[in-house]
Amino acid sequence: MKMKNYLLSAFVTIAIISSCTEKKEALGQSKSIVDYVDPFIGTGGHGHTYPGATSPFGRVQPSPDNGTTGWDWCSGYHITDSIISGFAQLHLSGTGIGDLADVLLMPTNSEMDLGLFGKKRDSLPYTSYFSHKDEEASPGYYKVLLKDPDIEVELTANDYVAYHTYTYKSAGEPSFVIDLGYAVNWDKPLESSIKMEDSRHIVGSRFSTGWAKNQKVFFAIETSSPIIQQRFIGDTPIGIAATEVNGVKAGGQFFFKDNTESVEVKIAVSSVSIENAKENLRLQGSSSFVDVREKTRGDWSGLLSNIKVETPTDSLKTIFYTALYHAQVAPTIFNDLNGEFRMQNDSIAKTGFKMYSSLSLWDIYRAETPLLSIMDPNRLDDMVKSMLAYYDESGVLPVWVLSGNETGTMPGYHSVSIIAEAIMKGHSAFDVQKAYGAMKETMMGDVRGLKEYKKYGYIPFEVMDQSVSISLEYAYNDWCVGQVAKKLGYEEDFKYFDERSKAYQNFFDISSGFLRGKSKDGKNFHEPFDPKSSNHIEDTDYTEGNAWQHSWYVLHDVDGLINLHGRKESFALMVEQLFTEDSDLSGHNVSPDISGLIGQYAHGNEPSHHIAYMLNKAGAPWRTQYWARKIMDTQYSTQPDGLSGNEDCGQMSAWYIMSAMGIYPINPASGEYEIGSPIFEKTTIKLSQDKTFVILAPNTSKENIYVQSVKLNGEPLDKTFITHNDIISGGTLEFEMGPEPNKHWGVQTATK
């Protein structure tokens with residue numbers, strides 16, 4: 001019964017949003033680039049995005065929270081829900097683990113039972129039903145009508161301050177609540193405080209543990225109307241005369257005059273101190289709600305305009321520009337305006353660059369950072385500087401950073417991959433020698449399976465779970481270190497790491513074609529073996545997947561992997577089988593991340609993202625073109641479930657952006673972008689004020705998906721890739737597309 005209701009709710013929601021979009025287009029309203037963005041895409045299915053307001057890469061992300069604990073509520077919100085429990089200031093975009101949702105505010109118009117604060121949703125006194133018909137979202141703006149108290153809520157934000165506007169439409173006791181006991185999924189409050197500084201200013205703190213073990217958030221709030229009364233609750237209720245409260249789950253209700261119709265509330269946060277939060281508020285909280293909304297909309301318009309696509313199909317523009325939006329909401333700024341930020345060990349550091357957190361490195365190194373290297377290279381520099389700052393504190397480069405904390409989530413050290421990409425592409429705004437030293441020291445460590453990896457040349461299945469996936473990730477990291485060593489003239493280091501990067505060869509099973517778990521003695525594969533079996537991350541040789549999905553993770557040596565298969569044709573046929581095999585999965589704990597299935601190809605999770613483009617290297621570029629189009633057509637849409645898996649801080653969207661333009665990096669650190677199948681007649685990438693890179697495909701269509709020929713700056717291009725330097729030098733890449741494969745284009749180069 002519950003599943004029926006869930007599906008019915010999802011169907012009605014999608015129908016409503018589709019209807020609204022169709023009405024707008026039917027009216028013939030002109031659209032700016034910002035108008036093509038739909039923040040509700042990804043809030044359904046397993047996308048795990050939020051619809052609230054944020055500036056590009058902003059420190060704060062005010063957004064609605066349903067109050068439901070569950071995997072599909074990792075961002076705090078899911079489109080199938082009909083209840084809002086409040087509006088927190090910090091959110092994660094598309095992750096597979098839930099956290100944040102710190103400093104929850106909720107407008108109210110009657111006195112609340114404070115004793116119920118910090119409880120589960122069913123017990124919270126201030127929750128409200130809402131309808132998606134009364135909901136609106138665009139870059140930097142969100143609006144909803146709360147049905148029960150009859151209050152309209154609007155949200156916007158700049159880089160450091162969240163803005164709320166509450167319009168009280170019915171008589172009552174206009175007020176709002178703060179509930180610091182509210183938590184999403186894995187988060188658990190440890191200590192919190194709230195203090196009234198005067199009738200218009202509230203400050204406080206919230207310390208918690210969760211995915212990030214040491215989260216400290218300090219906040220400062222300013223209201224446009226004076227607060228005439230307040231009631232607090234800490235570990236016990238506190239009387240109306242109190243001006244402050246402390247407790248594990250502190251909360252309070254704050255009342256305005258009875259005739260108050262509208263109130264503007266500004267919230268700034270800091271990881272360092274209340275004083276820093278107050279300074280962030282003072283420096284960036286002086287503008288009005290309307291002015292901030294327009295300024296942030298303008299900021300988004302400027303960034304989105306860096307790539308202009310031309311097509312008569314509005315739905316493709318919606319998918320593309322929403323993807324471009326999602327690719328620029330994370331990682332998030334972490335330092336305060338004075339440059340300070342908190343490290344995991346509670347030390348306070350200070351920097352002159354933008355310090356980033358929410359660094360989902362295992363995901364974003366694949367297409368997100370390559371995209372930034374083209375359209376926003378300075379931001380990539382600051383990301384590298386951020387990784388080096390974390391290295392300074394811990395002595396090792398980061399894996400997945402949340403709120404300044406190392407979560408250790410996912411295999412490999414892809415800070416190494418991203419730093420290598422930046423160095424190999426010529427970035428030098430950071431200390432390159434220091435960066436190389438950090439890469440080398442990290443990969444020579446003894447933690448996270450590296451000790452065994454160095455001892456055996458791979459990680460045996462007897463040693464730890466996910467042995468194949470972890471070894472393959474390290475092999476790519478090794479190749480990255482080796483390439484930087486070679487560039488910097490460290491020949492011995494190059495030879496050492498280049499040799500280690502061949503670790504993938506240990507796992508190849510010639511009888512099946514799969515990469516399989518290997519024993520300590522190197523003589524036996526892990527038995528029993530079922531290539532469709534998945535047990536998420538325990539009792540398995542693979543991470544969030546199975547042998548079908550992970551046997552292609554050799555980004556740095558595709559030719560070497562092809563050689564193990566014996567013939568290019570054999571390799572290509574097995575890739576084809578990946579896409580055409582039935583989609584059945586086995587195992588006692590099948591990973592929920594295995595989604596977006598086309599055969600056994602799982603587009604909903606990152607390990608599959610490069611596979612279609614490997615067919616270029618196998619002498620079958622027309623099959624890359626076919627499958628790239630198939631993935632774009634079936635795994636992305638304008639609906640709330642328009643992402644086939646977790647957005648993962650931009651990677652799911654970055655895959656689409658790159659592929660829709662007709663290029664994709666199998667190996668980001670190589671600086672090469674494989675040719676795919678462009679879907680736009682014209683794409684213009686702004687590189688600087690006077691330089692662009694233009695991709696032309698005037699006759700591309702749903703039928704004309706195959707490359708007939710390609711020209712780079714007027715000269716025929718017979719190879720199946722272009723380089724980073726080709727792009728950033730500016731110029732034109734021109735495609736001739738057709739309905740039938742040209743089995744001659746690119747084949748000679750691909751098969752050398």
Side-chain angles (χ1 to χ4, degrees), residues 13-44 47 49-56 79 93 132-144 154-157 290-329 371 375 632-633 636-643 647 650 653-654 656-661 678-686 692 694-698 700-702:
T13 297
I14 290 170
I16 290 170
I17 292 176
S18 297
S19 175
C20 291
T21 302
E22 288 166 5
K23 286 178 182 177
K24 190 169 185 178
E25 292 179 1
L27 291 172
Q29 297 178 5
S30 61
K31 288 184 177 183
S32 69
I33 281 181
V34 176
D35 293 325
Y36 284 104
V37 176
D38 183 356
F40 289 108
I41 295 175
T43 61
T49 63
Y50 59 82
T54 185
S55 66
I79 197 71
S93 179
H132 294 296
K133 291 184 295 184
D134 300 321
E135 204 175 19
E136 178 185 336
S138 60
Y141 180 70
Y142 173 85
K143 181 173 72 172
V144 68
E154 295 177 275
L155 307 174
T156 191
V290 172
D291 287 345
V292 170
R293 177 186 174 185
E294 289 306 307
K295 170 65 165 58
T296 300
R297 178 181 172 87
D299 291 344
W300 276 115
S301 179
L303 280 186
L304 297 173
S305 296
N306 284 330
I307 302 181
K308 292 186 178 180
V309 298
E310 297 180 21
T311 175
T313 309
D314 270 9
S315 61
L316 290 180
K317 287 185 179 179
T318 294
I319 296 170
F320 182 85
Y321 283 114
T322 302
L324 196 56
Y325 165 77
H326 278 142
Q328 297 179 92
V329 300
L371 178 65
M375 59 182 292
M632 284 186 273
D633 290 345
Y636 296 86
S637 78
T638 59
Q639 303 305 318
D641 63 353
L643 296 174
E647 165 62 11
S653 289
Y656 184 86
I657 295 163
M658 300 295 284
S659 294
M661 293 193 298
I679 65 172
F680 300 116
E681 285 86 345
K682 183 178 182 180
T683 300
T684 304
I685 304 171
K686 182 180 178 182
T692 61
V694 179
I695 301 172
L696 299 173
T700 187
S701 66
K702 285 188 175 181

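Residue numbers count from 1 along this sequence.
A distance of 8.0 Å separates OG in Ser305 from NZ in Lys686, rounded to the nearest 0.5 Å. Here the straight-line distance linking atom CZ of Phe40 with atom NE2 of His132 works out to 7.5 Å at 0.5 Å rounding. The structure places CD1 of Ile41 at 7.5 Å from CG of Leu643, a figure rounded to the nearest 0.5 Å. From Phe320, atom CZ reaches atom OG of Ser659 across 11.0 Å, with rounding to the nearest 0.5 Å. Atom OG of Ser701 is separated from atom CD1 of Ile679 by 11.5 Å, given to the nearest 0.5 angstrom. With values rounded to the nearest 0.5 angstrom, Thr322 atom OG1 is found 11.5 Å from Tyr36 atom OH.
Closest non-hydrogen pair, Tyr141 versus Glu136, comes out as CE2-OE2, 3.7 Å. For Pro312 against Glu681, the heavy-atom pair with the smallest separation is CD-OE2, 3.3 Å. Across every non-hydrogen atom of Ser653 and Ala323, the tightest pair is CB-O, 3.3 Å. For Ala697 against Pro678, the heavy-atom pair with the smallest separation is CB-CG, 3.8 Å. Scanning both residues, Glu647 and Ser93, for their nearest heavy atoms gives CG-OG, 4.1 Å. Residues Lys317 and Val309 come closest through the heavy atom pair CE-O, 3.9 Å.
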> Would Leu324 and Met375 count as a side-chain contact (heavy atoms from CB on, under 4.5 Å) if you check the C-alpha gap in whole Å, the side-chain angles of each, and the deciding distance to 0.1 Å?
Replying inline: CA-CA 11 Å; Leu324 196 56; Met375 59 182 292; 4.0 Å; yes
>> What verdict does the side-chain contact (heavy atoms from CB on, under 4.5 Å) test give for Leu316 and Phe680, after you've listed the backbone C-alpha separation in whole Å, the side-chain angles of each residue and the deciding distance to 0.1 Å?
In response: CA-CA 9 Å; Leu316 290 180; Phe680 300 116; 4.0 Å; yes
> So Ile33 and Lys308, side-chain contact (heavy atoms from CB on, under 4.5 Å) or not? Walk me through it.
Replying inline: CA-CA 8 Å; Ile33 281 181; Lys308 292 186 178 180; 4.2 Å; yes
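Under the side-chain contact (heavy atoms from CB on, under 4.5 Å) criterion, Val694 pairs with Lys682, Thr684, Thr692, Leu696, Thr732, not counting sequence neighbours. Under the ring pair (Phe, Tyr, Trp, His ring centres under 6.0 Å) criterion, Tyr656 pairs with Tyr636, sequence neighbours left out.
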Identify all side-chain donor-acceptor contacts of residues 293-304 below 3.5 Å with residues at least two apart in sequence or on another chain.
{"from": "Lys295", "atom 1": "NZ", "to": "Asp299", "atom 2": "OD1", "distance (Å)": "3.1"}
{"from": "Lys295", "atom 1": "NZ", "to": "Asp299", "atom 2": "OD2", "distance (Å)": "3.0"}
{"from": "Thr296", "atom 1": "OG1", "to": "Ala157", "atom 2": "O", "distance (Å)": "2.5"}
{"from": "Thr296", "atom 1": "OG1", "to": "Val292", "atom 2": "O", "distance (Å)": "3.1"}
{"from": "Arg297", "atom 1": "NH2", "to": "Ser32", "atom 2": "OG", "distance (Å)": "3.4"}
{"from": "Arg297", "atom 1": "NH2", "to": "Asp35", "atom 2": "OD1", "distance (Å)": "3.0"}
{"from": "Trp300", "atom 1": "NE1", "to": "Thr54", "atom 2": "O", "distance (Å)": "2.8"}

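A donor-acceptor distance shorter than 3.5 angstrom exists from the side chain of Thr49 to the backbone of Thr43, with no hydrogens or angles considered. With hydrogens and angles disregarded, a donor-acceptor distance shorter than 3.5 Å links the side chain of Thr156 to the backbone of Gly140.
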